K.L.:
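Once you've had a glance at the structure underneath, I'll fire off some questions.
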Number of protein chains: 2
Amino acid sequence: MMTKTKTEAAKLPLNQILCGDSIELMNSLPEGTVDLIFADPPYNLQLRGDLHRPDNSRVDAVDDAWDQFASFKVYDQFTQEWLAAARRLLKPNGAIWVIGSYHNIFRVGAALQNQGYWILNDVVWRKSNPMPNFRGKRLTNAHETLIWASKDENSKYTFNYEALKALNEGTQMRSDWVLPICSGHERLKNSEGEKAHPTQKPESLLHRVLVGTTNPGDVVLDPFFGTGTTGAVAKKLGRNFIGLERDAGYIEVARNRLGKVRKFDSESLEVTKSKRAEPRVPFGQLVERGMLSPGETLTSLNGRHSARVRADGTLIAKDVRGSIHQVGAALESAPSCNGWTYWCFRRDGKTVPIDLLRQQIRSEL
Amino acid sequence: MMTKTKTEAAKLPLNQILCGDSIELMNSLPEGTVDLIFADPPYNLQLRGDLHRPDNSRVDAVDDAWDQFASFKVYDQFTQEWLAAARRLLKPNGAIWVIGSYHNIFRVGAALQNQGYWILNDVVWRKSNPMPNFRGKRLTNAHETLIWASKDENSKYTFNYEALKALNEGTQMRSDWVLPICSGHERLKNSEGEKAHPTQKPESLLHRVLVGTTNPGDVVLDPFFGTGTTGAVAKKLGRNFIGLERDAGYIEVARNRLGKVRKFDSESLEVTKSKRAEPRVPFGQLVERGMLSPGETLTSLNGRHSARVRADGTLIAKDVRGSIHQVGAALESAPSCNGWTYWCFRRDGKTVPIDLLRQQIRSEL
DNA sequence: CCCTCTTATGAATCTTAAA
DNA sequence: TTTTAAGATTCATAAGAGG
């Protein structure tokens with residue numbers, strides 16, 4: 001295990017925010033002194049005109065100058081430079097996390113690999129409450145991607161397997177994390193009541209990253225500090241942070257925020273257990289999974305009606321088409337109907353409610 | 001809309017598997033003739049030595065010769081070549097899906113963008129039953145990533161929004177798909193009872209891809225056909241497939257598989273249509289047909305505004321006149337307004353949206 | 001204080017046929 | 001090809017207002 005001299009470590013501006021260009025600042029810090037880097041670089045969204053919700057309200061888009069790049073080539077150049085500066089700072093056993101979307105993450109991932117970083121996992125942050133696709137032209141963009149990589153293939157990176165397992169109610173932490181976006185009181189506001197930063201990340205995300213891949217006392221550097229989520233969670237968890245940020249306004253918000261943060265009592269790092277509701281199972285999944293086939297006939301529990309399954313998970317009966325619930329309700333002239341218990345299928349000569357198939361899927365989740 | 005001549009289309013080997021090098025075979029096919037490409041390219045896994053479970057049984061890893069690449073450079077070269085050949089085959093409004101893991105997907109994504117493909121979504125296949133990480137050194141690798149991209153930025157790609165929404169029981173389909181891995185009876189075995197292909201994809205995944213982004217009769221090409229999941233689902237769903245595969249053994253398994261597959265009946269392949277596909281009805285027709293009378297008053301859905309119908313199918317309100325949409329937008333100070341759902345008329349003491357009258361006309365067409 | 005209803009909002013590459 | 005106008009389109013949360 002290599003360790004740096006006290007002199008070099010003393011040069012580290014621990015638990016401070018430095019104002020300036022990330023790449024220049026990183027190049028001015030002593031090499032091989034940082035345990036973990038968490039980076040939330042500009043995504044290069046390339047947005048065009050305005051977007052309105054169906055209720056005609058305007059979406060407050062990320063149109064800040066810092067997210068504008070002239071071309072992929074310019075963006076790649078920027079990415080290569082900051083990743084190289086970051087790698088120089090890492091201890092031999094250090095690691096990096098980078099978060100992004102499909103606009104930029106493929107370029108970031110390829111650059112990481114090209115520079116000798118060793119990808120350990122890609123992690124999907126599945127947002128429980130993403131913004132919908134208002135025009136119905138694409139899938140709801142419901143996730144962002146994080147890449148976790150060590151400095152090189154031989155790094156003995158930090159991974160707190162048992163801690164993450166505990167966070168996940170006793171089973172191995174997976175590469176997909178379901179967490180809500182940052183909203184409500186957690187979302188920092190400026191004096192006008194507007195959001196202080198357009199892309200503030202939730203503390204729950206950083207909590208999982210830092211608990212899982214750092215130890216107390218480690219040095220965590222964030223080159224795109226923004227309003228300081230990385231610093232706030234690091235301080236709570238007893239890690240040291242270094243924040244780099246170009247925008248003085250963001251820094252002011254972050255300093256104010258960090259001043260209010262207290263380190264958790266080390267004994268009381270209690271695990272917030274997520275209550276798991278019964279997962280919703282769309283009827284269409286039964287069709288996709290081949291448990292029911294398009295064209296197959298379902299019969300109602302009372303035997304009075306029948307309907308046929310379509311490839312998109314809707315039913316078609318005499319004069320009616322729609323979801324299992326809609327068609328059931330229409331045929332019974334009822335205001336509503338629980339299609340799961342109303343409709344039955346035949347297997348091995350027996351008539352069975354389709355709810356049985358839903359239970360089968362739930363048991364697999 | 002560009003369409004190819006019968007001569008060119010006739011050259012397409014529909015619903016066949018061609019044996020040989022994917023890139024050479026693609027280059028031999030007529031350009032601009034394919035609606036959708038689904039590709040599951042080699043992953044470049046770079047596994048170091050054998051992997052053993054805690055009980056010392058050996059994991060049957062993906063270590064076949066076709067998955068070994070000397071370096072990222074060689075892999076990138078290969079990727080660029082097959083993506084270019086694929087792009088040449090696509091119709092102007094065609095699209096591509098590529099699936100991969102963190103070992104290769106970042107390089108594939110960057111190459112797609114560099115070649116002018118336009119990324120529409122990245123999709124996470126969240127496996128409900130992944131293989132755990134036996135050594136407890138990383139997170140359980142519980143997902144794979146798919147990229148959906150159109151041929152270029154201006155392609156009018158196929159997206160069956162309503163069908164996917166129906167598959168998801170009425171709410172927008174998201175970019176994270178929870179589906180089980182391919183196992184059990186679906187997993188093809190060879191004569192020794194071993195799995196016939198190391199990375200066979202579940203049919204449920206292809207079902208969602210093909211229902212969502214193709215129409216019946218479309219041509220779907222898979223350049224890494226393997227044991228033919230793409231072909232099997234395409235055949236079931238009434239799409240045409242072209243399979244390219246180098247390994248004669250896989251082809252034999254796939255041919256056998258496809259021989260047993262039957263197409264679902266056409267009616268159940270019909271999918272919930274989007275309103276955009278419905279014929280346009282000029283508002284003036286309602287007046288011409290006497291469903292509304294000139295001089296009659298319409299009120300807005302929120303009850304705040306009213307306007308009177310004129311003989312030419314325009315509305316007149318305080319200070320504004322124009323189409324149902326224009327007047328609605330002006331009164332609400334909104335950038336746009338769907339007049340069909342905004343305006344209501346009175347019949348038999350009830351207030352009804354004028355869209356009801358449009359539906360009446362459409363049902364007569 | 002509790003419950004209900006309304007309003008606001010989030011890293012977004014978000015229309016298309018007809019003239 | 002470019003321009004114009006029709007008209008299609010949202011989910012989960014949380015805060016705040018009102019009763």
Side-chain angles (χ1 to χ4, degrees), chain A residues 40-64 66-69 72 99-105 125 127-145 178 180-187 189 193-195 197-202 224 226 280, chain B residues 1 113 117-122 148-150 152-154 156-157 159 161-162 165 168 170-175 274-284 302 313 322-329 334-343 354-355 358:
Chain A
D40 183 9
Y43 289 8
N44 187 25
L45 285 189
Q46 313 167 68
L47 302 179
R48 303 276 193 266
D50 276 359
L51 178 67
H52 291 86
R53 299 185 181 80
D55 66 3
N56 272 322
S57 61
R58 187 176 158 279
V59 174
D60 184 10
V62 178
D63 53 3
D64 307 69
W66 51 254
D67 198 45
Q68 314 287 330
F69 294 84
F72 281 135
I99 183 168
S101 67
Y102 67 83
H103 307 85
N104 71 324
I105 199 65
W125 168 27
K127 303 179 184 182
S128 53
N129 49 349
M131 183 160 66
N133 184 290
F134 296 117
R135 314 309 288 261
K137 295 304 296 179
R138 300 184 179 191
L139 302 164
T140 305
N141 199 353
H143 75 277
E144 291 187 27
T145 302
V178 180
I181 59 175
C182 181
S183 66
H185 292 303
E186 189 186 336
R187 189 86 194 205
K189 303 289 193 315
E194 301 158 329
K195 56 190 177 193
H197 192 284
T199 70
Q200 187 184 340
K201 295 294 174 287
F224 308 101
R280 200 174 60 93
Chain B
M1 191 75 67
Q113 290 179 314
Y117 285 99
W118 192 247
I119 298 183
L120 300 166
N121 277 115
D122 62 335
W148 173 39
S150 57
D152 62 56
E153 190 178 345
N154 302 310
K156 304 208 180 307
Y157 54 91
F159 182 55
Y161 175 73
E162 293 291 344
K165 196 172 169 181
N168 199 33
T171 55
Q172 282 194 344
M173 184 64 80
R174 300 166 38 118
S175 59
S274 113
K275 273 197 200 164
R276 279 189 250 264
E278 300 273 341
R280 285 194 181 185
V281 177
F283 175 71
N302 56 25
S323 73
I324 52 173
H325 315 292
Q326 290 167 335
V327 175
S336 70
C337 171
N338 183 345
W340 290 107
T341 51
Y342 180 77
W343 293 109
I354 58 173
D355 200 33
R358 181 170 64 162

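Values in this document were obtained by computation on a predicted structure and should not be read as measured data. Letters A, B, ... are given to chains in the order of the sequence lines, protein chains preceding strands, and every chain is numbered from 1.
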K.L.:
Does any part of the side chain of A/Asn44, heavy atoms only, come nearer than 4.5 Å to the side chain of A/Phe72, both counted from C-beta?
P.N.:
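With C-beta onward as the side chain, the pair touches.
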K.L.:
Taking the side chain of A/Asp55 as its heavy atoms from C-beta onward, which of D/dA8, D/dC11, C/dT9 lies nearest to it?
P.N.:
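Per side-chain heavy atoms of A/Asp55, the pick is C/dT9.
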K.L.:
Check for me whether the distance between the ring centres of B/Trp148 and B/Tyr157 falls short of 6.0 Å.
P.N.:
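Aromatic pair counts; centres sit under 6.0 Å.
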K.L.:
Find which nucleotide of DNA chain D each of B/Pro282 and B/Gly170 is nearest to by heavy atoms, and output the residue with the more 5' nucleotide.
P.N.:
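The residue mapped nearer the 5' terminus is B/Pro282.
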K.L.:
Counting side-chain heavy atoms from CB outward, which of C/dT9, C/dT13, D/dA12 is closest to A/Ser57?
P.N.:
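The answer is C/dT9.
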K.L.:
When the C1' atoms of D/dA17 and C/dC1 are considered, how many whole Å apart are they?
P.N.:
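It comes out at 15 Å once rounded to the nearest Å.
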K.L.:
Given atom CD1 of A/Ile99 and atom C1' of C/dA11, what is their separation to the nearest angstrom?
P.N.:
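Interatomic distance, CD1 of A/Ile99 to C1' of C/dA11: 9 Å.
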K.L.:
Roughly how many Å is it from CZ in A/Arg187 to C1' in D/dG16, rounded to a whole number?
P.N.:
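Nearest whole value for this atom pair: 19 Å.
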K.L.:
Who passes side-chain contact (heavy atoms from CB on, under 4.5 Å) against B/Tyr161, sequence neighbours left out?
P.N.:
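For B/Tyr161 the side-chain contact (heavy atoms from CB on, under 4.5 Å) partners, ignoring immediate neighbours, are B/Phe159, B/Lys165, B/Gln172.
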K.L.:
Between D/dT2 atom P and B/Asn154 atom CG, what is the distance in whole Å?
P.N.:
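My rounded result for the distance is 11 Å.
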K.L.:
Side chain to side chain donor-acceptor pair (under 3.5 Å) with B/Thr171: which residues, sequence neighbours excluded?
P.N.:
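Listed in chain order: A/Arg280, B/Asn168.
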K.L.:
Whole-Å distance between C/dA12 C1' and B/Gln172 CD?
P.N.:
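For the pair B/Gln172 CD and C/dA12 C1', the rounded distance is 12 Å.
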K.L.:
Considering only the C1' atoms, how many Å lie between C/dT13 and D/dA12, rounded to the nearest integer?
P.N.:
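Between the two C1' atoms, the distance is 23 Å.
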K.L.:
Give me the distance, rounded to whole Å, that separates C/dA19 from D/dG7 when you measure between the P atoms they each carry.
P.N.:
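Rounded to whole Å, the distance is 12 Å.
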K.L.:
Output the rounded distance in Å from CG (A/Asp63) to C1' (C/dA11).
P.N.:
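Computing the A/Asp63:CG to C/dA11:C1' distance gives 11 Å.
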K.L.:
Which one, D/dC11, C/dG10, C/dA11, comes nearest to the side chain of B/Lys165?
P.N.:
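Nearest listed nucleotide: D/dC11.
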K.L.:
Indicate yes or no: at least one non-hydrogen side-chain atom of A/Trp125 is less than 4.5 angstrom from one of A/Pro202.
P.N.:
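Yes, side chains in contact.
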K.L.:
When all nucleic acid strands are considered with a 4.0 Å heavy-atom cut-off, which category describes B/Ser323: base, sugar-phosphate, or nothing?
P.N.:
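Counting heavy atoms under 4.0 Å across all strands, the contact made by B/Ser323 is with sugar-phosphate only.
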K.L.:
Between D/dA8 and C/dA11, how far apart are the P atoms? Round to whole Å, please.
P.N.:
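Comparing P positions in C/dA11 and D/dA8 gives a spacing of 30 Å.
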K.L.:
Taking protein heavy atoms under 4.0 Å as touching, what does nucleotides 14-19 of chain C look like 5' to 3' if B marks base contact, S marks sugar-phosphate-only contact and - marks none?
P.N.:
BSSS--
K.L.:
Using OP1 and OP2 only, check whether a side-chain N or O of A/Asn129 sits under 4.0 Å from D/dC11.
P.N.:
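It does not, given that no N or O in the side chain of A/Asn129 lies less than 4.0 Å from OP1 or OP2 of D/dC11.
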K.L.:
For D/dT13, does either OP1 or OP2 sit under 4.0 Å from a side-chain N or O belonging to A/Ser183?
P.N.:
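Checking A/Ser183 against D/dT13: no side-chain N or O falls below 4.0 Å of OP1 or OP2.
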K.L.:
Within the pair A/Asn141 and C/dT13, is there a side-chain N or O less than 4.0 Å away from OP1 or OP2?
P.N.:
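Answer yes for this pair, as a side-chain N or O of A/Asn141 is under 4.0 Å from OP1 or OP2.
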K.L.:
Verify the contact: side-chain N or O of B/His325 to OP1 or OP2 of D/dG7, cut-off strictly under 4.0 Å; return yes or no.
P.N.:
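Looking at the OP1 and OP2 atoms of D/dG7, one of them is under 4.0 Å from a side-chain N or O of B/His325.
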K.L.:
Specify the separation, in whole Å, of atom CD1 of A/Ile181 and atom C1' of C/dT9.
P.N.:
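Taking atom C1' of C/dT9 as the reference, CD1 of A/Ile181 is at 8 Å.
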K.L.:
So if I take every side-chain heavy atom of B/Gln326 and compare against C/dG10, C/dT13, D/dA5, which nucleotide ends up nearest?
P.N.:
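Minimum distance to the B/Gln326 side chain belongs to D/dA5.
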K.L.:
Mind checking what makes side-chain contact (heavy atoms from CB on, under 4.5 Å) contact with B/Cys337, not counting sequence neighbours?
P.N.:
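Per chain and number, B/Cys337 pairs via side-chain contact (heavy atoms from CB on, under 4.5 Å) with B/Ala329, B/Tyr342.
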K.L.:
If you look only at pairs with a residue in residues 40-50 of chain A, which of them pass as a salt bridge (Lys or Arg N to Asp or Glu O under 4.0 Å), with sequence neighbours excluded?
P.N.:
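Passing the test, one end in residues 40-50 of chain A: A/Asp40-A/Lys201, A/Arg48-B/Glu153, A/Asp50-A/Arg58.
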K.L.:
Write down the distance between CZ (B/Phe283) and C1' (D/dG7), rounded to a whole number of angstrom.
P.N.:
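From B/Phe283 CZ to D/dG7 C1': 14 Å.
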K.L.:
So, does A/His185 get its side chain near the phosphate of D/dA15, meaning an N or O under 4.0 Å from OP1 or OP2?
P.N.:
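Yes, because at least one side-chain N or O of A/His185 sits under 4.0 Å from OP1 or OP2 of D/dA15.
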K.L.:
With side chains defined as the heavy atoms from C-beta onward, is the minimum distance between A/Met131 and A/Ile181 less than 4.5 Å?
P.N.:
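Result no, sub-4.5 Å side-chain heavy-atom pair not found.
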K.L.:
How close or far is atom C1' of D/dA14 from atom NZ of A/Lys195, stated in whole angstroms?
P.N.:
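Rounded to whole Å, this separation is 15 Å.
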K.L.:
Please work out the stems of DNA chain C from pairs that are Watson-Crick or G-U wobble with both distances under 3.5 Å, keeping only runs of three or more consecutive pairs.
P.N.:
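The stems are C:2-10 with D:11-19, C:15-19 with D:2-6.
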K.L.:
I'd like to know if the side chain of B/Ser323 pairs up with that of B/His325 as donor and acceptor (distance under 3.5 Å, no hydrogens or angles considered).
P.N.:
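Checked: B/Ser323/B/His325 side chains show no N/O donor-acceptor pair below 3.5 Å.
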K.L.:
Take atom C1' in C/dG10 and the same atom in C/dC14, then report the distance between them in whole Å.
P.N.:
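So the two C1' atoms sit 15 Å from each other.
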K.L.:
Considering heavy-atom distances to DNA chain D, does B/Arg174 or B/Glu162 have its closest nucleotide positioned more toward the 5' end?
P.N.:
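Residue closer to the 5' terminus by nearest nucleotide: B/Glu162.
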